[in-house]
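Single-structure report; data block below.
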Amino acid sequence: MSYQSGYGFPADVLTDRARMERLFENNWFFVGTRGDVPKRRDYLQFQIFDEQYFLVHGMDGKIRGYANRCPHQSARLVGDQTGRCAARIICPNHQWAYDMDNGAVVHAAYMPDDFVKSCEAKDFALTSIEVREVGFMLFACLGDNPDHGSMDRMAEIIAPYTDPFALAEHGYKQAHHSREIIDANWLHAMINNRECCHCELNHKRLLNLFYPSAFNGAMTPEYQEVLNRAQARWTEKGLAWEEIAFDPHDYFRIARYPMVEGFKSITFDGELASQKLIGPFVDGEPDSGTLSFWLNPNCWVHFVSDHIAVNWLLPLGSEQTELYTSWIVHADAKEGVDYDLDHLTDVWNVTNAEDVGLCKSMHDGAKSRYYKPGPYSPQEQFCIQFSDWYMRRSEADA
Amino acid sequence: MSYQSGYGFPADVLTDRARMERLFENNWFFVGTRGDVPKRRDYLQFQIFDEQYFLVHGMDGKIRGYANRCPHQSARLVGDQTGRCAARIICPNHQWAYDMDNGAVVHAAYMPDDFVKSCEAKDFALTSIEVREVGFMLFACLGDNPDHGSMDRMAEIIAPYTDPFALAEHGYKQAHHSREIIDANWLHAMINNRECCHCELNHKRLLNLFYPSAFNGAMTPEYQEVLNRAQARWTEKGLAWEEIAFDPHDYFRIARYPMVEGFKSITFDGELASQKLIGPFVDGEPDSGTLSFWLNPNCWVHFVSDHIAVNWLLPLGSEQTELYTSWIVHADAKEGVDYDLDHLTDVWNVTNAEDVGLCKSMHDGAKSRYYKPGPYSPQEQFCIQFSDWYMRRSEADA
Amino acid sequence: MSYQSGYGFPADVLTDRARMERLFENNWFFVGTRGDVPKRRDYLQFQIFDEQYFLVHGMDGKIRGYANRCPHQSARLVGDQTGRCAARIICPNHQWAYDMDNGAVVHAAYMPDDFVKSCEAKDFALTSIEVREVGFMLFACLGDNPDHGSMDRMAEIIAPYTDPFALAEHGYKQAHHSREIIDANWLHAMINNRECCHCELNHKRLLNLFYPSAFNGAMTPEYQEVLNRAQARWTEKGLAWEEIAFDPHDYFRIARYPMVEGFKSITFDGELASQKLIGPFVDGEPDSGTLSFWLNPNCWVHFVSDHIAVNWLLPLGSEQTELYTSWIVHADAKEGVDYDLDHLTDVWNVTNAEDVGLCKSMHDGAKSRYYKPGPYSPQEQFCIQFSDWYMRRSEADA
């Protein structure tokens, strides 16, 4: 059965790992924020399909990506999900050491002294991947010909929204980071993210914070009034708010949305998650709204007045997907004083756990002998957009 | 190596999943009893190979089977092993709703209002499978051409035995239901069920309740006397007792057997498991015997004076099998008053746990490079019957 | 990429299970010691690839190996890792019984009386594999044409080292035995064993007992002095000490090495692990040295004054390896009196746990798309020897 726009993916697309690998090979994908590796030598590890990589904040301030595998005898270089390297990247197995800023071998333990300077040593430098930083966020590309033009265009468009959050280098820290393996196809996890029809039955607590219309594009008179008031307020404060939704560029969406009036942050009680405000709010009042960003293929990021809630997905294969979540706060915010970790993380911990079950359920059902792609509601425009985009961008000759 | 009657299955038959799937596609198999779903809207979920289904007791009183997969976006419709639906079957993901009695879409949430009445909606009705009820028991067939004649013949033959247990619709309830995955081939699990030679070393406690001769067909003088007394008693009480053992029809066996004299139920202490008697005993005395029923390919059911102990197997693949057990009691029996759950379930919990280990051991051994099919004892007639039946019924052109 | 001596294995060699199976089919491998099955009827079970076997100490005193699978209906014969059989080997499923010393069926429960004496019964004897005992140690070969000449040559060479440990039949016992599955290729586990460069960072506690030079062949002036003193002492005591390291025979190494002076046993505190000395030390003083033996493809054994620490590896496939460790002590040593189990086992429990992590790390890294074989340090001669030996011995026409 072939793909039909407006319907779910055919079963053979869902299990086509080669297609999924092509997509991730040829497109930029989200891998975290500068707030995840705010200081020199900080690293953040991630896995895509069977391959491990890590981001590292270089001695020169630039953030780079390397395969997490020692070129000497294939041991893992960094073991934890997040941490800090020594001044050089040192393999914990045989002590070979690599330059953080270019990956070169700088010490080959037990090898003859002249090995490091030999031609052969160049063959054993770290494997690097392309990493771009745009508006505080980090994007990687595995393939040899990354499309820098697409990042340039996006950078230009989102600058008015994200520049106010671009504090000085050490302005943020990762208050918490979590990783969870979902027993579901990455396509199901993405569709679930772009979809709103499941919220009513499954995200009852989240719906205390947000108007469904903010995400599903179905305008109601009540929401129109809230939106009008919010947009007037944002204009007054000089905050960019016009929505750019996969148009004219088909790979990202950015928009400012009102939260339920009175809510100061993404918390179940509506109170601030952190007492240190950030970005455009650092010297002012919290705003009852979120700046939200979605990239095809894999993220959703919510900038609020006191923290940035970052969610992204990476496929581990056609049967498993890994969900990454970071909560980024002001560098000076102190746990237990300025923020309580449970209060800060509760909304996405609860919501993501609900989504994990939904994804697995759809994934299992799609393996049925009786499976056939079902129709999307007309208001699920972002599911359709993502599906069309995926089919187009993952073609064999793309 | 090809199959030889009187010997175990060749290794390539044991791993031939396609053959196993053909068997289950083209033959009725046991899936529970009316006592497992005694009230309207009750459901019982089960899995065969990679596919989930559920039985549901319809608003019209009939019990039907549906694939447990929402035709809309493939989410699972019922999540628990057993439970009760709303008045319609509602998908917990996007709230589509289906008619319990015919599977039609009756509400397509977020879709245009006219969708439900459209031609397309018919494509998204629930997938149903054939379910037959015979003598209180439920049988399903996955294929498009179920052999209703075989069920008709069986119904006629077993009616004198099972009709006395056919109480009014709400006459039973499921006191307990368990499911356990066995890491063994379904064929090994069935052979183990049909076999008696392993009992002496492995089911020491069960042998306090039953005479081995009752199951292995090897008559002893002591057992002949017990049997004579029991048959005289059953005749007097008007209980059918003649054994029908895979002859002339090759797919089922029914028989009434004496328990060790003095035992009133299938309990380790011989005392009643439930104070509310059932079926032909409802207004009388308990009888020290069981009415037992075995169906090829997958069940063994024991009707006693106060409960019905129901065991069945469904293959999950060539490496795993799921064992289902239900204990059905009188609808009015109260837990803690009329029955104690441990006392009721102990015998099959203990015996099945012993069997699980035996099945896994044979399964593992059959994967050995040194494996060859071994001979059955002449008294293991039911192993040989099952094996011959399986080979015949699962042929590619069957 | 083809294999190059001095570098790691190419990726396709690491995943070539058929090559690994050929190696184990055509070469003797280590499977334990007489101290693991010291008394008649003692058994020790092991698994290689998907096949289970067990060693059993026969009624005639000889140690034999059998497939752990009943020829009758494929059940497992012995269930625990180590234990004691009845006077005959009895299948726990259907009670067939086999002669321990030749594997013949001696009782076929429920079969006709004349079955045991029939020609057919011979087809259902236990499957045996070749087992050789050399210098207290046990070696098995799966294939039909074991190279007895290689064992004869090894026996002759190691006799001066191991004969002093060959006590009377019941002179030893297994104080403890452990098995652990490593999620790594057996080749990575072996390379890790033959390698010393990882010790400095990863085996800090072990390095309190041993001079790295003792294992990596890199002589230091300090170690040369220690070695000179030790060799003078051994000569005086009549203990063989010349190292024989894969030359001229390419499959084993034996050597006596000094421990750090003052250490009496392989314990973290240097004190005796057991108060009952063994072998050449039984009536004398403990010696601060180990007699160590390595066999290609799979073991490392350390004989010290009071116990024998035995480690061996068996592949379960190309993704998993099982590590076996035994601690053998004097038969008269009493736990809690002569030895404390934690004190005895601590060094290898700690060291092996460290190695398990290293092996998994290298294994995972070698599956990377970026993997290429890296260079060994010139002092890693034993990694190179093992690798060259493996490639040569596992050729398809070997």
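Numbered from 1 within each chain, the chains take letters A, B, ... in sequence-line order.
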Rounded distance [0.5 Å steps], OH in B:Tyr53 versus OH in A:Tyr370: 2.5 Å
Within the structure provided, determine whether A:Met362 and B:Asn93 are in side-chain contact (heavy-atom separation under 4.5 Å). yes
Within residues 69-81 of chain B, the residues sitting under 4.5 Å from chain A by heavy atom, in sequence order, are B:Arg69, B:Pro71, B:His72, B:Gln73, B:Ser74, B:Ala75, B:Arg76
Would you check if there is a donor-acceptor pair between the side chains of A:Glu200 and B:Tyr110 at a distance under 3.5 Å? yes
Note, B:Asp123 side chain near A:Lys372 side chain (heavy atom, < 4.5 Å): yes
Taking CG in B:Asp60 as the centre, count heavy atoms belonging to other residues, nucleotides or ligands within less than 6.0 Å. Is the count above 12? yes
Taking the six-membered ring for Trp, are A:Tyr7 and B:Phe124 parallel (under 30°), tilted (30 to 60°) or perpendicular (over 60°)? parallel
Pick from A:Ala366, A:Gly357, A:Cys199, A:Pro375: which one has the most heavy-atom pairs with chain B under 4.5 Å? A:Pro375
Gap between atom CD of B:Glu51 and atom OH of A:Tyr371 - 0.5 Å precision: 13.5 Å
Region of B:Phe49 in contact with chain A, defined by heavy-atom distances below 4.5 Å: neither
Report the distance from atom CD of B:Gln95 to atom CG of A:Asn202, rounding to the nearest 0.5 Å. 8.5 Å
Identify which of B:Pro92, B:Pro112, B:Cys91, B:Ala67 forms the greatest number of heavy-atom pairs closer than 4.5 Å to chain A. B:Pro92
What's the separation between atom CH2 in B:Trp96 and atom OG in A:Ser377, rounded to the nearest 0.5 Å? 9.5 Å
So what's closer than 4.5 Å to chain A heavy atoms on B:Gln52: side chain, backbone, both or neither? neither
